[in-house]
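A short worksheet on the structure shown next.
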Amino acid sequence: MAPHARHYRKGSTAVAVDGMPSFAFAFDIDGVLLRSSAPLPGASTALEYLHNNSIPFILLTNGGGKHESTRVAELSKKLGVPLTEENFVQSHTPFKQLVEGSETVESLKDKTILVTGGDGEKCRKVAEMYGFTNVVTPTDIMMAYPSIWPFSLAVDFTAVQGHRPLPTNVDHMNPSKSLKIDAVFVFNDPRDWALDLQIILDLLLSKGGVLGTVSEKNGDPTLPNNGWQQDGQPKLFFSNPDLFWATSHHMPRLGQGGFQASLRGIWDETTGGAVLERTVIGKPYPETYKYAERVLHKHRAQMLGGNGEVKKKVSRLERVFMVGDNPESDIRGANEFESPHGTEWTSVLVKTGVYHDGRHPKYAPKVIVNDVLEAVKWALREEGWNGVVD
């Protein structure tokens, strides 16, 4: 591989050490690199150039539904560029941290969690690969307890696939021996909104997360939030706030953010306006960008510093170019993120996805370009990088 020319950032005196780039990229996938499952024009060329010139990048997507190892294998084949889990962050990737717990959430490794979203068993299997040991899906519950959903009579139970026996029976007459859910994770876009909304609502109204029970504290005006979600109900996690996303259809389609909005509307009508306590990650939320920056720093150190016994000193990461198609998530997140390392995040909006030319984006990017290849060329010019992307 040819050595790089030394370069500098415009308006800065910081010069990269030994030609190491002091900048990096973060790319959204849907609407930036792919449209549905097909590569967008220029995507492979852009990534190949960065890879061949040792310019670090990560893929940072609000998509998911498959394990990272599966997804990077698919993307590597489609885009013709080697990718690994080390430079890939999906919407639900940060959920890995909750297996062992966090500052605000106890370890959920051996707790019973409800996972919804995605096709069939895929999200359950992802959760298990992360390390969660007791994973239940809405389909499991419906198959064991059909009366929980009044329209289950319309379901051909002989055709239902991807379900398992419940770890504990549902017995609302004997709560101490009934199924108890400790946390609810919306891993990916739910496929059966009605069933999933009903079961999640039941758990949010329950006593201690025991399915089929109702908390006596609900509606109590003497308690915080009028008693709603004050009785040990399971914590609720969403991995993706996107209301719309780019698909093969000519107009953006509803995403997980639409499901979340539906639940909020039902919750509001049920509780008379109580706050729906929940944790939402994914772009544009700062926790996702903070997690992504940690991944990028680690990947960059391995890529530029080497993996041998003697490692090179890697220069400071000065700037990250966030290339996305969605002003509400990609652009807003990059604009608002305050890096704990002082790294500047610069937003670049492309016209190949959710955003369409001629509209005034609610969150203004640093620049609007036609596609990802033009985005990379613009960023390299900004950094004074010597080289031609063709």
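Just so it is clear, the values below take in all heavy atoms, side chains as well, and ignore hydrogens, waters and symmetry mates.
A chain of hydrophobic side-chain contacts below 4.5 Å, direct or via other Ile, Leu, Val, Met, Phe, Trp or Tyr residues, connects Val72 to Val32. Taking hydrophobic clusters as Ile, Leu, Val, Met, Phe, Trp and Tyr residues chained together by side-chain heavy-atom distances below 4.5 Å, Phe185 shares a cluster with Val135. Val126 is not connected to Phe238 by any chain of hydrophobic side-chain contacts under 4.5 Å among Ile, Leu, Val, Met, Phe, Trp and Tyr, and they are in different clusters. Note on Leu108 and Ile181: separate hydrophobic clusters, where clusters join Ile, Leu, Val, Met, Phe, Trp and Tyr whose side-chain heavy atoms are under 4.5 Å apart, directly or indirectly.
By the side-chain hydrogen bond (donor to acceptor under 3.5 Å, both in side chains) test, Glu74 pairs with Lys66, sequence neighbours left out.
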Is there a side-chain contact (heavy atoms from CB on, under 4.5 Å) between Trp267 and Arg278 once you walk through the steps?
CA-CA 12 Å; Trp267 179 255; Arg278 65 201 187 278; over 6 Å; no
Under the salt bridge (Lys or Arg N to Asp or Glu O under 4.0 Å) criterion, do Lys351 and Asp325 qualify, and how do the steps go?
CA-CA 6 Å; Lys351 304 176 184 178; Asp325 70 308; over 6 Å; no
Are Asp182 and Lys180 close enough, and set up right, to give a salt bridge (Lys or Arg N to Asp or Glu O under 4.0 Å), and what steps lead you there?
CA-CA 6 Å; Asp182 298 294; Lys180 180 179 183 297; 2.7 Å; yes
Glu121 and Arg164: CA distance, side-chain angles, deciding distance, salt bridge (Lys or Arg N to Asp or Glu O under 4.0 Å) verdict:
CA-CA 10 Å; Glu121 288 268 87; Arg164 301 179 191 173; 3.3 Å; yes
Could you walk me through whether Glu383 and Arg319 pass the salt bridge (Lys or Arg N to Asp or Glu O under 4.0 Å) test, one step at a time?
CA-CA 9 Å; Glu383 291 296 314; Arg319 192 179 193 184; 3.1 Å; yes
Before you tell me yes or no, could you show the steps for Tyr130 and Thr93 under side-chain contact (heavy atoms from CB on, under 4.5 Å), namely the whole-Å CA-CA distance, both residues' side-chain angles and the distance that decides it to 0.1 Å?
CA-CA 9 Å; Tyr130 284 176; Thr93 304; 4.2 Å; yes
Given Asn225 and Glu277, is the side-chain contact (heavy atoms from CB on, under 4.5 Å) satisfied, shown in steps?
CA-CA 10 Å; Asn225 204 28; Glu277 297 177 359; 4.1 Å; yes
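Proximity of a side-chain donor or acceptor of Thr352 to a complementary backbone N or O of Asp371 within less than 3.5 Å is not detected. Remark: the backbone N or O of Trp228 is paired with a side-chain donor or acceptor of Gln230 at under 3.5 angstrom. No donor-acceptor distance shorter than 3.5 angstrom exists from the side chain of Ser215 to the backbone of Asp231, with no hydrogens or angles considered. Between the Asn53 side chain and the Tyr49 main chain, a donor and an acceptor come within less than 3.5 Å of each other. When atom types are taken as modelled, the side chain of Ser76 and the backbone of Ala73 share no donor-acceptor pair closer than 3.5 angstrom. In this structure, the side chain of Thr288 engages the main chain of Gly282 through a donor-acceptor pair within 3.5 Å. With Gln233 contributing its side chain and Leu203 its backbone, the two residues share no donor-acceptor pair below 3.5 Å.
By the 4.5 Å side-chain criterion applied to Ile, Leu, Val, Met, Phe, Trp and Tyr, Leu349 is assigned to a cluster that also includes Ile331, Tyr355, Tyr363, Ile368. In the hydrophobic clustering, where aliphatic and aromatic side chains (Ile, Leu, Val, Met, Phe, Trp, Tyr) are joined below 4.5 Å either directly or transitively, Ile58 groups with Leu60, Val89, Tyr289, Tyr291, Val295, Leu296, Leu317, Val320, Met322, Phe337, Trp345.
Electrostatic pairing of Arg124 and Asp140 counts as a salt bridge here, judged by a charged N lying under 4.0 Å from a carboxylate O. Remark: Glu287 engages Lys290 in a salt bridge, criterion side-chain N to carboxylate O under 4.0 Å. Of the charged side-chain nitrogens involved, none lies within less than 4.0 Å of a carboxylate oxygen, so that Lys125 and Glu128 do not count as a salt-bridged pair. For the pair Asp330 and Lys283, the salt-bridge criterion is met [side-chain N within less than 4.0 Å of a carboxylate O]. Salt bridge absent: Glu382 and Lys366 never bring a charged side-chain N and a carboxylate O closer than 4.0 Å.
The CG atom of Asp30 sits 8.0 Å away from the OG atom of Ser36 when rounded to the nearest 0.5 Å. One distance of note links CZ of Phe237 with CD1 of Ile113; it measures 9.5 Å at 0.5 Å rounding. How far CG of Asp28 is from CG of Leu33: 7.5 Å, rounded to the nearest 0.5 Å.
Between Phe23 and Trp385, the ring planes are perpendicular. Angles over 60° get that label, and only those under 30° would be called parallel. Using bins of under 30°, 30° to 60° and over 60° for the plane-to-plane angle, the ring pair Phe187/Phe95 lands in the tilted bin. Between Trp149 and Phe151, the ring planes lie perpendicular to each other; the angle is over 60°, past the 30° to 60° tilted range.
For the pair Ser347 and Ala364, the tightest heavy-atom approach, listed with the atom from each and the gap, is OG-O, 4.2 Å.
Each of Leu211, Thr112, Val136 was checked for a side chain to side chain contact (heavy atoms under 4.5 Å, CB included) with Leu166, and the lone residue meeting it is Val136.
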